[in-house]
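First the structure, in the form of structure tokens, and then the observations on it.
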Amino acid sequence: YITRGITNFSDNHNYGALTCNDASGSRNVGGIVGGHSWSPIDNCTNNAPITNNGAVAATRLGGIIAGDVLFAITNCTNNVEGVIKNSGELSGSNNVYAGGIAASDLAITDEDYAAYDLKAENCYVTNCHNKAEIIHEGTCKSIFLAGIVARNTSATISNCTNTAAVKHWGVSTGNTYVAGICGLQCSSVDSCTNSAAITIGGDELVPTGGYLYLSGLVGDVKGSITNCENSGAVTLKGDASSATKFTIYVAGIARGSYG
């Protein structure tokens, strides 16, 4: 776990399984970095499963990096052995963020940019690849689930690929964001591809409220999407007739811009 401070992570590789089984506190579990790195990450790989089984608070699971960070990630891969799975039963307002490369970033303020001499154009996820399944089987409020980045407010995403299934088979009582590249994206996406199945629901539709965004590339986006391609099946299973305050968006590429 790295606190705020500029450190370079380069040519690091994880081969050990990471599992959380206890029942208290928030979780930030990453194959290379847990969270708050404010640091460039380059040419790193995760080669082992990452699993949460605990009934914990907010949970972030990332193949390369998990917690709230300013992303500057290049040439990283979550390999086929790096299956990311949440089976935890989270109560109340606790959310789950799970991504093949990264879980969730921090909404950067002007003060943050000044304090750490950061520049908006230096927020990016480039040439990164996910080859392992991303699975939610537990319970939570809102869920952010994607092959590359689960939730992203600042970084551009470019030249990234997802080639493994993303599966939401659990329960989410708030908003649901499930996609091949990014669940919720507030910046641009360019030259990215998804070729894997993106699925919500097992035998029945399990989300029970809020908004549902299910897409091959990006669940919900504020920004541009260019030169991207989806060839994976996008599937919503089950019956939503019993859901409350439930609005569904399903798309091959993305729901579209909001705000």
Side-chain angles (χ1 to χ4, degrees), residues 1-2 7-23 25-37 39-56 58-69 71-90 96-105 125-138 140 143-152 160-170 178-183 194-199:
Y1 187 90
I2 305 300
T7 304
N8 291 320
F9 290 87
S10 181
D11 299 300
N12 295 293
H13 310 281
N14 177 58
Y15 295 92
L18 301 171
T19 304
C20 290
N21 291 317
D22 62 8
S26 298
R27 288 290 170 266
N28 294 282
V29 186
I32 303 299
V33 180
H36 278 312
S37 75
S39 308
I41 302 174
D42 179 62
N43 195 35
C44 294
T45 64
N46 178 57
N47 306 278
I50 297 173
T51 306
N52 173 61
N53 298 315
V56 298
T59 296
R60 298 175 180 87
L61 309 173
I64 300 300
I65 185 165
D68 291 344
V69 294
F71 292 146
I73 307 172
T74 52
N75 306 311
C76 291
T77 301
N78 186 42
N79 281 314
V80 65
E81 301 87 355
V83 174
I84 297 174
K85 180 186 291 187
N86 176 67
S87 299
E89 304 295 324
L90 282 67
V96 169
Y97 309 84
I101 298 300
S104 175
D105 75 343
V125 179
T126 301
N127 195 33
C128 292
H129 311 284
N130 178 60
K131 302 178 180 181
E133 290 189 341
I134 313 296
I135 305 167
H136 171 62
E137 295 179 336
C140 64
I143 178 78
F144 301 78
L145 208 65
I148 300 299
V149 183
R151 187 195 71 169
N152 175 46
C160 293
T161 64
N162 178 61
T163 56
V166 179
K167 305 173 181 178
H168 176 5
W169 290 347
V178 180
I181 298 298
C182 187
N194 173 66
S195 58
I198 312 298
T199 306

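Remember, predicted model here, so these are calculated numbers, not experimental data.
Nearest heavy-atom pair, A103 versus R60, reported as atom, atom and distance to 0.1 Å: CB-CB, 3.7 Å. Across G99 and I84, no two heavy atoms sit closer than the pair O-CD1, 3.2 Å. The nearest pair of heavy atoms linking A17 to A48 is N-CB, 3.6 Å. Of all heavy-atom pairs spanning V29 and A66, the tightest one is O-CB, 3.1 Å. Closest heavy-atom contact between N53 and S87: OD1-CB, 3.7 Å. Nearest heavy atoms, A165 versus A196: N-CB, 3.7 Å.
Every side-chain hydrogen bond (donor to acceptor under 3.5 Å, both in side chains) that T161 has, sequence neighbours left out, goes to H129. Qualifying side-chain hydrogen bond (donor to acceptor under 3.5 Å, both in side chains) partners for N14, counting only residues two or more places apart in sequence or in other chains: N46. Under the ring pair (Phe, Tyr, Trp, His ring centres under 6.0 Å) criterion, F144 pairs with Y97, Y177, not counting sequence neighbours.
With values rounded to the nearest 0.5 angstrom, C140 atom SG is found 7.0 Å from N86 atom CG. Here SG of C44 is found 5.0 Å from CD1 of I32. Values are rounded to the nearest 0.5 Å. Atom-to-atom distance recorded for C182:SG and N162:CG is 11.5 Å, nearest 0.5 angstrom. Atoms CD1 and CD1, from I64 and I41 in turn, are 7.5 Å apart once rounded to the nearest 0.5 Å.
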(message) Could you walk me through whether N52 and L61 satisfy the side chain to side chain contact (heavy atoms under 4.5 Å, CB included) test, starting with their C-alpha distance in whole Å, then the side-chain angles of each, then the deciding distance to 0.1 Å, before giving a yes or no?
(response) CA-CA 8 Å; N52 173 61; L61 309 173; 4.2 Å; yes

(request) Would you please test I50 and N78 for side chain to side chain contact (heavy atoms under 4.5 Å, CB included) and show each step? (result) CA-CA 11 Å; I50 297 173; N78 186 42; 5.6 Å; no

(message) The test is side chain to side chain donor-acceptor pair (under 3.5 Å); show your working for T74 and N127 and say whether it passes.
(response) CA-CA 6 Å; T74 52; N127 195 33; over 6 Å; no

(message) With side chain to side chain contact (heavy atoms under 4.5 Å, CB included) as the criterion, how do N152 and V125 come out once you've worked through the C-alpha distance, each side chain's angles and the decisive distance to 0.1 Å?
(response) CA-CA 10 Å; N152 175 46; V125 179; 5.8 Å; no

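Shown are D11, N75, N12; of these, the side chain to side chain donor-acceptor pair (under 3.5 Å) with N43 is made only by D11.
No donor-acceptor contact under 3.5 angstrom links the side chains of R27 and T59, judged on distance only. A donor-acceptor contact under 3.5 angstrom links the side chains of T45 and N47, judged on distance only.
A side-chain donor-acceptor contact under 3.5 Å links R151 to the backbone of D105.
Inter-residue side-chain proximity for S10 and D42 is flagged as met; some heavy-atom pair is nearer than 4.5 Å. Put simply, the side chain of C160 does not reach to within 4.5 Å of the side chain of I101, judged on heavy atoms.
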